[in-house]
Every structure is written in structure tokens, then in C-alpha cells.
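Per chain, numbering begins at 1; letters A, B, ... match sequence-line order.
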Amino acid sequence: MLNKLNPAQREAVTYLDGPLLVLAGAGSGKTRVITQKIVHLVERCGYAPRNIAAITFTNKAASEMRERVGTLLQGKDAKGLVVSTFHSLGMNILRAEAKLLGYKPQFSIFDSGDTWKIIGELANSGDKQEIRDIQTQISNWKSAFIAPQQAAENAGNDEEKVRARIYARYQETLRAYQAVDFDDLIHLPVVLFKEHPDALFRWQNRLHYLLIDEYQDTNDCQYQLTRLLAGHRAAFTAVGDDDQAIYAWRGASIENLHNLRNDYAKLRVIKLEQNYRSSQRILKVANRLINHNTKVFEKNLWSDHGIGDPVRIYAARDDEHEAESVVMKLMAHKFEHRTRFADYAILYRSNHLSRAFEEQLRAQRVPYTVSGGTSFFERAEIKDITAYLRLIANPDDDPAFIRAITTPKRGIGNTTLEKLGSHAGARHVSLFEAAFEIEMEQQLPPRQHEDLLLFCNFINRLQERADKDPCGELLDELLRAINYEAWLYDTHEPRQADTKWENVQEFTGWLKRKAEADEKSLVAMVQTIALINMLEGKDEEPDAVSLSTLHAAKGLEFPHVFIVGAEEDILPFRDSDEKQIEEERRLMYVGITRAERSLQISYCNRRKRGKDWMACEPSRFLEEMPEGELVYAGGHKEAAPTLSKGEGMDKLARLKAMLNKEPG
DNA sequence: CCCATTCGGTTTTTT
DNA sequence: ACCGAATGGG
């Protein structure tokens, strides 16, 4: 097995004398190194799988890796092997050690939607931008280990003081709800480990070797968790690529690659520079582009694949034509080369850009899957059901309470909730608890009060059954009791209701299977849901075109790639400063390096925004690519560039000039 | 006091 | 084409 690896890879797999950093260029086989190393640890070095933890960036990557290791280990029992994201590892630590932190193990996990509402209320503001700002501010404070108190002390102006105050109240609110946010899932275990060495000792004893993927995208907090878990043993392998760091906006810092060197004197660094994925032309375009960034680590990515086709740059008249052209070209290419739909990916900077392509693909009856985008669990109908589950697990979860009691409508509305809320606030109890207090009977109209108690007792009954009865029965019972299907058809168009109900059934089916397979309690399932993006392996189209954001495409590869919407203000995103431009450039780099054989990058000259047109400029990144490797195919039809009058002419003309310098 | 419909203003990236 | 606040009916 080891002989299938190149020397650098083999070295990375077998090196166990101390901490190791693997600088793995795009397509250099880093996943292979990680999976093989796990197998190596188990089969050659006598590690028990349950003592190894592999940390990935997404749940999808985690389940893929688990599967791969499972097949490689065949026969041998991979049970107990930890393959998860930082967040789900943190969740598991937190659930096991909750009591030490004053939480109950059934704590709720709030997603950004939940926290958004809380911050909005605390800030008493409806301003989206402001709430967003505060949200990221709090997130940054947390990952930098700045407590509300410190934040208040450090505040230089009134605005910062107000925000520090909101931060403090936000933390109190989460506590009161017995809830944690995404940052807490990492932050609290670190706090726990610092305050309770015995707990840290337990986990260090559990996890003897750590493998961390996508290391360039870790933030300070995650790094601290890693260091604590690794302890003096420092038995870990971190794998990363500074050129693919695209999560700085989430607090990730490439600096962590450097820090590793400073903190571990014995750190060994191995570079993987041979690319096994892309044609030489694609690689050359990628390399030239990324060289416009200030380099952290020098790396020289090369490939012994063929030279390949030139990278096509396509200028579309507008967004609709871009979608039409891409889909037409894709279909033509497919039928000419007898490829599969799954060989193609359409990548874009932001989710909303997918719409035009989805429409075209649907119109042409081309099967497709959208990854990223509004996740399955973000859908209203799924959130409705999970609200009930959250409430059953943790009655103090006020946001879940509000959602559950108002969907389906059962005669409890804003006014009632406000009264309940102010009473709960005064008494420092959750809405659920407040409902049973005697004062509510006086404050609420009889009808409302009755409905309220009816609901709470209903939840209580389900709660009692949650421990005894299997997850599936409980779910069916719940859906029947709230008459959810009928309510869906009552309040939606038949077609909409159809898909919504299908989603619900898919969800409950998944939940039942998962609960049985993993022998997890309903509580554990509910907590897991908060972290998962999509249903893994749900009757996915066997052969479908992939639509994905550039972020979500990291780690994937496709024979043929279309990067669309390569325009100023989109990619790079508007108002990017110099630092952000570099990150946007890396994003483009990630997109380019997804492609194995062919790549087209397109942009529009104008784009519909609302009801009027907006002129667009081609992305500056196009100019940073080697002209000799590009071929321009502008206008509406290939090889027959038709220029729309007006915007973007100069850039278009420049690109057209490149046509004459066609390589070959 | 609750809830459905309409109108108006919008869109980074994700655990 | 999609969500959220205002508005009027029940």
C-alpha cells in the first residue's frame, strides 16, 4: 500500500518522531496521506482506532474520510475512530463534560439564525448590517478569549462599550437558555480544559494521535484546543495549504501555520508539490495567479500530466446568456466526449448566482445537485420539526419554544408571547417554565392561557417518552399530534406542500435510520443536526452536474469546471481591501485547481439587479493569468463574439486581442 | 387578539 | 424570483 505513494507522501505517512506539518498543494494527495496515515497507525504501529482523531473542516469531508478509512482497514474494526469537525468534537467534549461548566448535557446549539435574532433584540435594532457586525464582533471576541468584562474595559468609544454590553447580555441569554453557539463549541472546551486539568487529562488519554486537515483554516481557538489535546506528547500531523486559506472572514488565520513552527521547535515540515489532478495549463494559470499574493511558504506545484487545453475565458452579454451558454456548452461537450454529467461542475462566488444556472439546467432537463446554498436543515419545514425536538430535549430553549408554539398556529400569537416573555424575564425563568406560573392565569385571557398549558403539557408528555420510546415512534407521534401534513397543505400551494412534506419525511426517515445506526439518543441527534449541512448520501442523483460555491468546492475535483461570475464586485467581492483581495484571489485559485482537464471562466457585461441593469467589469484576476494559456470565446455564440453595446468594451477588446495569441 | 395576504426592498463565503 | 414588515379581516 505504501508503495503507491511518492517519497514525500510516504515520509508524511510514516513520520512519527514528533509534530509534523504537511504543506500540501492543491491536488497533491493530502486526503490520501491522512487516510493512509490512520491505517498506518492502526496496522503498523499498534494504535487502537479509538485513540486516533482526525479533524476535518466539514462534516461531509469527515464522513468521506471515515468511509475511506473503513474500506482501507477492511476487517479490522474502525470502531471508536474519531473523524469529525472541530465543532462536533467540541460538541462531544461538551456533552460529556457539561456539568463541569454548569450546563446540562441536553444543551441546545444555536445556529446563526438563532443568535441573529437574540442580538437583534439585545441591540434593539433592525439594521441588518449592524447585527451582522455585532455578531462577528462577538465571534471574534470569543475566539480571542476576550470575556465580556475585558471587552468592556478595552472599549475605546461608546459604540464599543455598547457592543461589549450586548456581548455580556448575549452570554447571559445563552446561559439562561442552556444554549451554546458555534463558537462556544470550541471555546468552552478550551475553557474547560484550562480550568479542569483532570478533564483535559481524560481527553488526552482518549486521543493519542491527532490529524488535522485544512489546517490553514483553523482559528486561534481551534489551535488552542489542538495544543491542549496534543499536550506534551505533541503527537499530531497538521495538513494545510496557505494558498487555499479562504476562511479568514471566519476568524481563521494563516498565522497558525507559522505559530506551529514557533510553538514546536521540533516541528518537521514536509511539502507535497506534485499535483496529480490538473493539466499543466490549468496548473500554470493557477500558479501564475496565486503568485500575485505575498507568499507565506514557497511552494512549487508541478504536474506530469499532459499540457491540456487552453483555459477558456468567456464574456457573456448578461447573466441569463451566461447561464444559457454554459449549459449549452456543457451539454455539447458531454455528448461529444461521451462523458457523464457528474464530470462537470459550475462554481460561483455566492449562492444566489446559482439560480440562473439551475433554471437553465432544469429547462434542459439536465440533472444537477446544488451543494452549499440553503442547506437542507435550513428549510422552514425542517426547522419547524427540529424546534419541537429541541424543545423536547431542552425546554429552556426559548427560540425553539417560540417557533414550536406558533407553528402550526394554535391561537398563541405575539401579544400572548410578549406577556409570557416579560413575566419570564422578570422571574428569570424560561418561557416554558413561566407558562406554568400562577400569575399567567391572571394576565392572559382564559382562551390563550388554556392553549398555552395544553401545548406545554403536550411537550411534557413527549419529553417523558423521549427516554423510553424509540426515536422513530416519537417522531411519528409528534407529526400526527400537531397535524403537520394537513397544516402544510392548508397554508401552501399544493406543489410546495408536496415537496415540503417530502422533505419532512426524508428528514424523519434519515433521523430514524441515523438514530438506530449510531445508537444515539434523540438529544444527541438534535445536537448533531445543528452542525450538519446536508443529508449525507440521500438519494443523490447518480449522475448529476454539480453546482457549488467556491467555498464549498474546496476539496472536490472535477474533470470539467466552469467558474462563472468572474466579475469585479463579485470575485473579488465588493469593497475588498488589500488583505481581502488576496483571499479572493485564493478563492479563484481554489476554483481553478478543482479542474482536471478543462476549465472555462466566464463573466457578464451586465447583470440584472432588481428590475434594472447593472454594468459589470471582468475580474482583475483574469488579467493576472498567463495570456498564452488562455483563449477568449466571447459574446453569445462561441467563436462568434457579439458585443453588446456599452459597458465593458475596453476590457472585452483586450481579451479579444488575446485570441490572436492563441497558444499551440 | 390572531393570522393571511400584499407590497417593497434585497442578496458573501459556513460550522 | 424571496423574505419581512405593514394591514385589514375574522
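- Put simply, CG on A/L347 is 16 Å from C1' on B/dT12, counting in whole angstrom units.
- At the heavy-atom level, A/R447 lies nowhere under 4.0 Å from the strands shown.
- Using a 4.0 Å heavy-atom cutoff across all strands shown, A/K419 reaches sugar-phosphate atoms only and no base atom.
- When distances are taken from the side chain of A/H551 to each of B/dT14, C/dA1, B/dC1, the shortest belongs to B/dT14.
- Using a 4.0 Å heavy-atom cutoff across all strands shown, A/R586 reaches no nucleic acid atom at all.
- An OP1 or OP2 oxygen of B/dT14 is reached within less than 4.0 angstrom by no side-chain nitrogen or oxygen of A/S112.
- With salt bridges taken as basic N to acidic carboxylate O contacts below 4.0 Å, none links A/E358 and A/R355.
- Taking for each of A/R250 and A/W487 the nucleotide of DNA chain B with the nearest heavy atom, the 5'-most of the two is the partner of A/W487.
- Spacing between atom CG of A/L353 and atom P of C/dA1 amounts to 17 Å, rounded to whole angstrom units.
- Rounded to whole Å, atom C1' of B/dT14 lies 13 Å from atom CG of A/L587.
- Put simply, CZ on A/R379 is 11 Å from P on C/dC3, counting in whole angstrom units.
- At the heavy-atom level, A/L185 lies nowhere under 4.0 Å from the strands shown.
- Backbone-only engagement by A/T416 is indicated by non-hydrogen atom pairs under 4.0 Å involving sugar-phosphate atoms exclusively.
- An OP1 or OP2 oxygen of B/dT11 is reached within less than 4.0 angstrom by no side-chain nitrogen or oxygen of A/N351.
- By the 30° and 60° cut-offs, the orientation of the rings of A/Y247 relative to A/F57 is tilted.
- Comparing B/dT13 with C/dG4, their P atoms are spaced 16 Å from each other, to the whole Å.
- Whole-Å rounding puts the A/H352 NE2 to B/dT12 C1' distance at 9 Å.
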**Message:** Only Watson-Crick and G-U wobble pairs with both distances less than 3.5 Å should count. Give DNA chain B in dot-bracket notation, marking inter-strand partners with |.
**Reply:** |||||||||......
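- Backbone-only engagement by A/Y247 is indicated by non-hydrogen atom pairs under 4.0 Å involving sugar-phosphate atoms exclusively.
- Atom CG in A/L531 sits roughly 12 Å away from atom C1' in B/dT14 (whole-Å rounding).
- Side-chain rings of A/F455 and A/F401 approach one another, their centers coming within less than 6.0 Å.
- When each of C/dA1, B/dT14, B/dC2 is scored by its nearest atom to the side-chain atoms of A/Q448, the top-ranked nucleotide is B/dC2.
- The residue from A/K383, A/R403, A/R390 that alone fulfils the side-chain hydrogen bond (donor to acceptor under 3.5 Å, both in side chains) condition with A/D114 is A/R390.
- Residues that satisfy the side-chain hydrogen bond (donor to acceptor under 3.5 Å, both in side chains) test with A/R68, not counting sequence neighbours, are absent from this structure.
- For the pair A/Q244 CD and B/dT14 P, the interatomic distance rounds to 16 Å; values are reported in whole Å.
- Note on A/T549: every side-chain N or O is 4.0 Å or more away from OP1 and OP2 of B/dT12.
- Toward the 5' end of DNA chain B, the nearer of the two residues A/R355 and A/F57, judged by each one's closest nucleotide, is A/R355.
- Ion pairing of A/D318 with A/K608 is absent here, as no side-chain N (NZ or NE/NH1/NH2) approaches a carboxylate O to less than 4.0 Å.
- The existence of a salt bridge linking A/D319 and A/R606 is excluded, since no basic side-chain nitrogen approaches an acidic carboxylate oxygen closer than 4.0 Å.
- Atom pair A/Y589:OH and B/dT13:C1' shows a separation of 19 Å (rounding to whole Å applied).
- Look at A/T415 and you'll find a side-chain N or O under 4.0 angstrom from OP1 or OP2 of B/dC2.
- Inter-residue side-chain proximity for A/E567 and A/R607 is flagged as met; some heavy-atom pair is nearer than 4.5 Å.
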